Protein chains: 2
Amino acid sequence: MANSKLYKGSLNTIILKLLDEKGKMYGYEITQKVKELTKGELKITEGALYPALHKLEAEGLLDVEVAKVDNRIRKYYKLTDRGEKETVNRLAELEEFIRSMQNLVNPNWSIQ
Amino acid sequence: MANSKLYKGSLNTIILKLLDEKGKMYGYEITQKVKELTKGELKITEGALYPALHKLEAEGLLDVEVAKVDNRIRKYYKLTDRGEKETVNRLAELEEFIRSMQNLVNPNWSIQ
DNA sequence: TTCTTATGCATAAGATTTTTAGGTATGATT
DNA sequence: AATCATACCTAAAAATCTTATGCATAAGAA
């Protein structure tokens with residue numbers, strides 16, 4: 001099955017939610033986790049991910065902590081307090097979007 | 001409740017599906033229908049809608065038929081054969097996206 | 001031992017899709 | 001007479017992504 005497209009705007013929500021669950025993650029880890037959780041359906045490209053992380057950090061939603069593992073640099077990101085609150089809002093918006101789309105495209109949709 | 005944001009890429013799917021259901025619709029009608037179906041949650045801006053309709057038409061997915069009602073012009077759009085096939089694909093992609101997002105952001109999500 | 005793959009970061013150019021902000025015009029309501 | 005609803009449209013800017021590229025280390029295969 002070809003990988004389905006990532007609707008623009010959903011990447012930030014994905015990042016925030018994963019960090020909310022995991023506590024802290026580094027960029028490469030996020031790309032792998034998304035691939036794993038979606039069985040390869042969604043692939044986060046690095047060209048999208050890193051700028052997104054930098055922006056979320058600049059907006060004060062994420063904090064960074066640099067670590068060195070096996071002589072390689074890792075940048076661990078975690079939610080700030082504002083980031084946690086924002087995550088709640090983004091998830092609510094995503095849920096609302098999904099409900100709206102279901103009403104629009106298929107009122108009888110049974111997504112388990 | 002504030003209107004939730006439209007994830008970029010979903011507009012085309014919305015247009016195609018509405019036309020699939022209704023047979024034919026004109027632009028303004030689409031904006032009103034979306035507002036109605038989502039109880040004001042999603043608002044299709046004309047600046048996005050009209051270029052999108054023109055592009056779908058240019059791609060051969062829509063046909064246009066101009067009508068005059070009450071001395072006002074209406075442009076009715078309907079799916080071409082290719083448009084119908086494409087609609088099936090887009091809906092499958094949307095469903096896949098939704099499933100992926102559910103796995104990512106909330107494995108226990110009970111939508112509907 | 002050299003080549004490839006995996007890990008890990010990053011940026012820049014271009015494409016796509018949207019918002020924002022206008023514009024034109026008719027008919028109905030205040 | 002002014003405003004709102006209907007109905008079309010475009011252009012500039014913003015937002016977000018893909019594609020392409022770059023650097024570097026470690027591990028495994030040839």
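In what follows, every chain begins at residue 1, and chains take the letters A, B, ... in the order their sequences are listed. Keep in mind it's a predicted model, so treat the numbers as computed, not measured.
- Counting non-hydrogen atoms under 4.0 angstrom, A:G9 reaches the backbone sugars and phosphates but no base.
- Contact of B:K8 with D:dA15 (side chain to base): a donor-acceptor pair of N or O atoms is detected under 3.5 Å.
- The CG atom of A:L16 sits 5.5 Å away from atom CG of A:L56, with the distance rounded to the nearest 0.5 Å.
- Under the 4.5 Å side-chain criterion, counting only non-hydrogen atoms from C-beta, A:Y7 is in contact with B:L94.
- Of the listed nucleotides (D:dA26, C:dA6, D:dT6), D:dT6 has the atom at the smallest distance from the side chain of B:Q32.
- Residue contacts shown for A:S10 are limited to sugar-phosphate atoms, with no base heavy atom under 4.0 Å away.
- Distance check: B:E21 CD to A:L104 CG gives 8.5 Å after rounding to the nearest 0.5 Å.
- Side chains of B:K68 and B:R74 form no contact here, defined as non-hydrogen atoms less than 4.5 Å apart.
- If you check every strand for non-hydrogen atoms under 4.0 Å, A:G27 touches sugar and phosphate atoms only.
- In this structure, B:V88 is not a member of the same hydrophobic cluster as B:F97, with clusters built from ILVMFWY side-chain heavy atoms closer than 4.5 Å.
- Each of D:dC8, C:dA10, D:dT16 was ranked by its minimum atom distance to the side chain of A:Y50; first place goes to C:dA10.
- The nearest whole Å value for the distance from the CD1 atom in B:I44 to the P atom in C:dT18 is 8 Å.
- Set against C:dA10, C:dG27, D:dT18, the side chain of A:Y77 has C:dA10 as its closest nucleotide.
- Dashed line: the shortest gap from a side-chain N or O of B:H54 to OP1 or OP2 of D:dT10 is under 4.0 Å.
- No engagement by B:K68 is indicated, since no non-hydrogen atom pair under 4.0 Å with the nucleic acid exists.
- Residue A:K43 places no side-chain N or O under 4.0 Å from the OP1 or OP2 atom of D:dT18.
- Checking D:dC9, C:dT11, C:dT18 against every side-chain atom of B:A48, the shortest atom distance belongs to C:dT18.
- Proximity note for B:T45 (side chain, C-beta onward) versus C:dT11, C:dT20, C:dA6: the nearest is C:dT20.
- Residue contacts shown for A:R72 include a base, since a base heavy atom lies under 4.0 Å away.
- For B:Y26, counting side-chain heavy atoms from C-beta on, the closest listed nucleotide (C:dT19, D:dC8, C:dT11) is D:dC8.
- The residue A:E46 sits close to a base: some heavy atom pair falls under 4.0 Å.
- Defining each end axis of the helix from C:dT1-D:dA30 to C:dT30-D:dA1 as the rotation carrying four pairs' C1' atoms onto the next four, with five pairs an end, the two axes are found to diverge by 10° to 10 degrees.
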